[in-house]
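Here is the structure we will look at.
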Amino acid sequence: MNTQSQRSVIPIYTSRGDADAFLVYPYLYNRLGEWIGWITTDRQVYSVLGFYVGNLTTEPRIVRKRIMVTFKLRRTPPARPPHLAVPATIPLAPLMGDLRFGVIDVLRDEPERLHTLDSGEQRQDLD
């Protein structure tokens with residue numbers, strides 16, 4: 001049995017209640033099971049390229065301030081994980097409170113921040 005199947009898969013919801021990402025700590029995956037980011041021990045979310053994306057709430061959803069006054073340094077990503085077998089059934093989203101003014105839901109409002117290694121506007125060009 002591989003370690004992925006031994007770890008629990010946690011759905012990450014949008015404010016609308018859609019499960020648009022999955023967490024197998026510390027890795028984040030999209031609905032196709034592709035790696036899109038990772039989470040630190042203090043619940044900060046980073047893209048596959050090491051750019052800060054936001055924070056994971058307890059609901060769970062990924063949020064960030066709409067306007068960032070200070071920027072977090074780019075971090076070195078962990079080793080690329082294996083593809084995730086996405087669960088066939090997903091629990092319904094819990095009731096979520098409204099977000100404060102100036103805070104956005106990343107998966108709903110800026111999903112392009114969490115992209116795969118072969119896409120995204122911040123990846124380096126091949127030439």
Side-chain angles (χ1 to χ4, degrees):
M1 182 179 272
N2 66 24
T3 58
Q4 178 179 301
S5 62
Q6 293 172 354
R7 292 184 164 190
S8 61
V9 177
I10 300 167
I12 308 298
Y13 299 97
T14 67
S15 295
R16 287 188 218 127
D18 300 323
D20 277 354
F22 297 94
L23 171 64
V24 178
Y25 187 80
Y27 300 107
L28 273 174
Y29 298 88
N30 64 14
R31 294 179 65 96
L32 300 175
E34 300 167 316
W35 182 41
I36 57 171
W38 86 93
I39 295 181
T40 64
T41 55
D42 58 349
R43 302 176 77 93
Q44 293 183 25
V45 178
Y46 287 85
S47 73
V48 291
L49 300 177
F51 295 103
Y52 174 76
V53 172
N55 291 304
L56 181 68
T57 67
T58 57
E59 295 164 321
R61 62 182 159 177
I62 300 169
V63 298
R64 72 178 281 139
K65 291 181 180 178
R66 183 174 306 278
I67 299 172
M68 301 275 300
V69 178
T70 59
F71 292 94
K72 298 192 184 273
L73 294 176
R74 184 176 177 192
R75 296 182 72 169
T76 303
R80 185 178 188 164
H83 191 81
L84 175 70
V86 176
T89 59
I90 302 164
L92 291 174
L95 291 176
M96 295 186 199
D98 292 334
L99 294 176
R100 296 184 321 258
F101 180 77
V103 175
I104 61 170
D105 179 332
V106 173
L107 289 174
R108 188 188 73 194
D109 300 323
E110 296 181 343
E112 65 278 2
R113 289 187 179 275
L114 288 167
H115 53 78
T116 59
L117 275 174
D118 59 352
S119 66
E121 63 183 42
Q122 295 179 328
R123 74 182 172 109
Q124 293 180 349
D125 290 332
L126 294 176
D127 18 313

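Quick note: numbers below take in every heavy atom, side chains included, and nothing from hydrogens, waters or symmetry partners. Residues take their numbers from the sequence shown, with the count starting at 1.
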Do [X] and [Y] come close enough that some side-chain heavy atom pair is under 4.5 Å?
X: Phe22; Y: Ile90; answer: yes
X: Ile62; Y: Thr57; answer: no
X: Leu28; Y: Val53; answer: no
X: Asn30; Y: Leu114; answer: no
X: Leu49; Y: His115; answer: yes

Pairing residues for Arg31 by the salt bridge (charged side-chain N to carboxylate O under 4.0 Å, His left out) criterion, not counting sequence neighbours: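 Partners of Arg31 by the salt bridge (charged side-chain N to carboxylate O under 4.0 Å, His left out) criterion, ordered by chain and then number, come out as Asp20.
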Relative to the ring of Trp38, is the ring of Tyr46 parallel (under 30°), tilted (30 to 60°) or perpendicular (over 60°)?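 Ring orientation of Tyr46 relative to Trp38: parallel.
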About how many Å separate [atom2] of [Y] and [atom1] of [X], when rounded to the nearest 0.5 Å?
X: Glu59; Y: Thr14; atom1: CD; atom2: OG1; result: 11.0 Å
X: Lys65; Y: Arg100; atom1: NZ; atom2: CZ; result: 7.5 Å
X: Glu110; Y: Arg64; atom1: CD; atom2: CZ; result: 6.0 Å
X: Lys72; Y: Gln44; atom1: NZ; atom2: CD; result: 4.0 Å
X: Arg75; Y: Tyr52; atom1: CZ; atom2: OH; result: 11.5 Å
X: Thr116; Y: Leu32; atom1: OG1; atom2: CG; result: 9.5 Å

Crowding at CG, Leu73 (>12 non-hydrogen neighbours, <6.0 Å):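 Not more than 12 within 6.0 Å, no.
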Would you mind listing every salt bridge (Lys or Arg N to Asp or Glu O under 4.0 Å) that reaches into residues 32-48, with sequence neighbours excluded?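 Of all non-adjacent pairs touching residues 32-48, none passes salt bridge (Lys or Arg N to Asp or Glu O under 4.0 Å).
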Minimum heavy-atom distance [X]-[Y], with the two atoms named:
X: Ile10; Y: Pro60; answer: CG2-CG, 4.2 Å
X: Pro11; Y: Pro91; answer: CG-CD, 4.1 Å
X: Leu107; Y: Tyr13; answer: CD1-O, 4.2 Å
X: Arg61; Y: Ser15; answer: NH1-OG, 2.5 Å
X: Tyr27; Y: Trp35; answer: CD2-NE1, 3.4 Å
X: Gly33; Y: Val86; answer: N-CG2, 3.5 Å

Assess whether side chain to side chain contact (heavy atoms under 4.5 Å, CB included) is satisfied between Val9 and Leu84, documenting all intermediate values. CA-CA 9 Å; Val9 177; Leu84 175 70; 4.1 Å; yes
Is there a path of hydrophobic side-chain contacts, each under 4.5 Å between heavy atoms, that joins Ile36 and Ile39?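 Hydrophobic grouping puts Ile36 with Ile39.
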Does Arg74 make a cation-pi contact with Phe51, if we ask for NZ or CZ under 6.0 Å from the ring centre and within 45° of the axis?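 Geometry flag: set, cation within 6.0 Å and 45°.
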Under a single-linkage rule joining Ile, Leu, Val, Met, Phe, Trp and Tyr whose side-chain heavy atoms are separated by less than 4.5 Å, which residues share a cluster with Leu99?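 Result for Leu99 is Val63, Val103.
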Has Asp109 got a side-chain atom pairing as donor or acceptor with Ile104's backbone, closer than 3.5 angstrom?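 No: the side chain of Asp109 does not pair with the backbone of Ile104.
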